[in-house]
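Shown next, in structure tokens, is the structure this report addresses.
So that the names make sense, note that chain A is the first sequence line, chain B the second, and so on, each numbered from 1.
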Number of protein chains: 2
Amino acid sequence: MMIISVTEENYLKAIFSAAHLSESRVGNQLIAEKLSINPASVTEMLRRLHDKKLIQYNRADGAKLTAQGLKSAIKVVRKHRLWETFLVGHLNFTWDEVHEIAEQLEHIQSDKLLDELDRFLGNPGFDPHGDPIPNKSGKIPVLKSKILVEAEIGKKLKVVKVADNTASFLKYLDKQGIALGDIIFVKEVQDFDGSLLVELKGKREIYLSAEAARKIMVE
Amino acid sequence: MMIISVTEENYLKAIFSAAHLSESRVGNQLIAEKLSINPASVTEMLRRLHDKKLIQYNRADGAKLTAQGLKSAIKVVRKHRLWETFLVGHLNFTWDEVHEIAEQLEHIQSDKLLDELDRFLGNPGFDPHGDPIPNKSGKIPVLKSKILVEAEIGKKLKVVKVADNTASFLKYLDKQGIALGDIIFVKEVQDFDGSLLVELKGKREIYLSAEAARKIMVE
DNA sequence: AGATATAATTTGGTTAACCTAAATATTTTT
DNA sequence: AAAAATATTTAGGTTAACCAAATTATATCT
Ligand SMILES: [Mn+2]
Ligand SMILES: [Mn+2]
Ligand SMILES: [Mn+2]
Ligand SMILES: [Mn+2]
């Protein structure tokens with residue numbers, strides 16, 4: 001077993017998530033940004049990851065995970081999301097409190113722990129933010145959701161995921177009474193600012209800014 | 001909140017446990033031994049811990065935890081033992097498998113996680129090896145147990161703790177069918193080698209070496 | 001007390017991760 | 001195609017943890 005340090009794992013995860021949301025090149029700079037690190041330091045680490053055969057790198061295409069690197073990155077993501085699920089499901093944490101702790105727990109190394117945690121939780125497919133949890137073999141469940149601003153007017157939909165995991169956004173949703181699983185539909189779109197009037201759980205009407213509605217995923 | 005690194009936490013824990021079992025001086029060397037580290041490195045770290053006011057140090061008395069240092073050490077021990085309890089109680093781990101993983105988990109930082117884990121487990125007083133779990137305020141439950149070799153012949157006793165947590169010893173106990181909570185009593189002591197004939201759970205007789213019987217704690 | 005053994009410290013390294021500032025490459029604009 | 005803007009790398013440092021070998025301090029023994 002090759003040893004991958006905590007720092008290296010964080011780089012792999014950053015490259016993985018960057019590649020997943022912006023199809024384009026994953027450059028030095030983007031990684032530096034994500035990890036709050038100086039670009040010069042990234043150069044150094046990318047070289048190390050390349051030497052360990054965890055990424056390929058060239059100036060044109062930026063960093064790309066190898067099969068090895070992808071496997072490691074997915075495992076870290078799996079651990080992160082399973083721990084978040086545990087914290088919310090069994091330890092009375094709210095969805096805005098779990099991310100930082102999961103950032104620590106995702107680096108605990110034990111295959112048995114991972115398997116047993118998964119079993120204990122009942123092999124969940126999604127975490128408390130609606131993000132998919134890769135299974136043991138690395139397969140990631142897909143959800144053909146779209147953002148609420150693009151929803152058809154009048155169509156009943158279910159809130160399945162949030163596209164922003166910051167505590168401030170999550171607390172805002174709590175305040176509005178919006179949670180995963182809620183049934184929602186758009187009644188009107190305000191022309192001048194794009195804000196939405198939505199009906200929630202068949203009993204309440206609320207206004208959402210376009211900003212907010214771009215971060216709520218429905219299905 | 002002062003930041004204490006993982007390495008520093010491990011030194012504090014080593015000093016704490018060394019002080020608890022051998023009343024004598026906790027010297028440079030003993031710490032080095034415990035942590036599999038060079039004594040020269042210990043000198044360096046003890047200086048840092050002193051600067052952070054986590055220990056007092058002088059050549060005569062060796063290292064002594066300050067109130068601050070003791071609090072930190074006890075918290076790490078509390079985390080270690082709670083996690084071990086969780087692993088055995090809910091994730092199908094055996095008592096010989098948990099130590100290494102707890103060594104990692106004991107460094108996760110979150111007061112809420114600690115409190116909630118404790119609640120989830122039902123505020124246990126002892127871990128899977130019978131070691132006491134400090135409570136939230138740092139108080140450590142005491143158990144007036146003694147080692148099996150010192151037990152009175154014929155007196156019914158309960159196995160409450162093991163004084164050796166190595167996987168090899170724990171597996172040996174499994175093989176002999178000895179577990180925490182079992183009722184045991186000494187029938188005979190072999191004169192020539194000090195080995196014991198004991199009766200276990202009122203149904204089986206087994207021979208234990210003095211060596212083994214010195215690592216089984218009863219009450 | 002003086003010799004010897006043991007314990008601790010000093011000295012002079014190393015490695016992983018970071019940093020800033022300066023130098024190069026590469027793209028984009030004019 | 002040159003100039004300007006942007007991205008990356010190089011060069012030269014730092015800090016936390018470690019190490020081995022040599023030195024110094026303390027304790028123990030004769
Ligand atoms: Mn998260
Ligand atoms: Mn999540
Ligand atoms: Mn343990
Ligand atoms: Mn234990």
Could you check how far [atom1] of [X] sits from [atom2] of [N], rounded to whole Å?
X: Asp51(B); N: dT15(D); atom1: CG; atom2: P; result: 14 Å
X: Leu30(A); N: dT6(D); atom1: CG; atom2: P; result: 17 Å
X: Asn28(A); N: dT10(D); atom1: CG; atom2: C1'; result: 13 Å
X: Ile4(B); N: dA16(D); atom1: CD1; atom2: P; result: 15 Å
X: Asn58(A); N: dT26(C); atom1: CG; atom2: P; result: 11 Å
X: Ile31(A); N: dA17(C); atom1: CD1; atom2: C1'; result: 16 Å
X: His50(A); N: dT9(D); atom1: NE2; atom2: C1'; result: 16 Å
X: Lys52(A); N: dT15(C); atom1: NZ; atom2: P; result: 15 Å

Any side-chain donor-acceptor pair under 3.5 Å between Asn10(A) and His107(A)? yes
Think Lys112(A) forms a cation-pi with Phe93(B), using NZ or CZ under 6.0 Å from the six-ring centre and within 45 degrees of its axis?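 Satisfied, under 6.0 Å and within 45°.
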Per-nucleotide protein contact along nucleotides 17-28 of chain D, 5' to 3', at a 4.0 Å heavy-atom cut-off (B base, S sugar-phosphate only, - neither), is BBBBB---S---
In short, Tyr172(B) meets Tyr207(B) closest at the heavy-atom pair OH-O, 4.4 Å
Closest contact, heavy atoms only, Leu208(B) versus Ile178(B): CD2-CD1, 4.1 Å
Examine dA16(C): is either OP1 or OP2 under 4.0 Å from a nitrogen or oxygen in the side chain of Arg47(A)? Give yes or no. no
Quick check on dT6(C): is either OP1 or OP2 less than 4.0 Å from any side-chain nitrogen or oxygen of Gln29(B)?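 Answer is no, no contact under 4.0 Å.
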Side chain Lys52(B), main chain Ile3(B), donor-acceptor under 3.5 Å: yes
Are side-chain heavy atoms of Tyr11(A) and Arg48(A) found at a separation under 4.5 Å?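 No, too far: nothing below the 4.5 Å cut-off.
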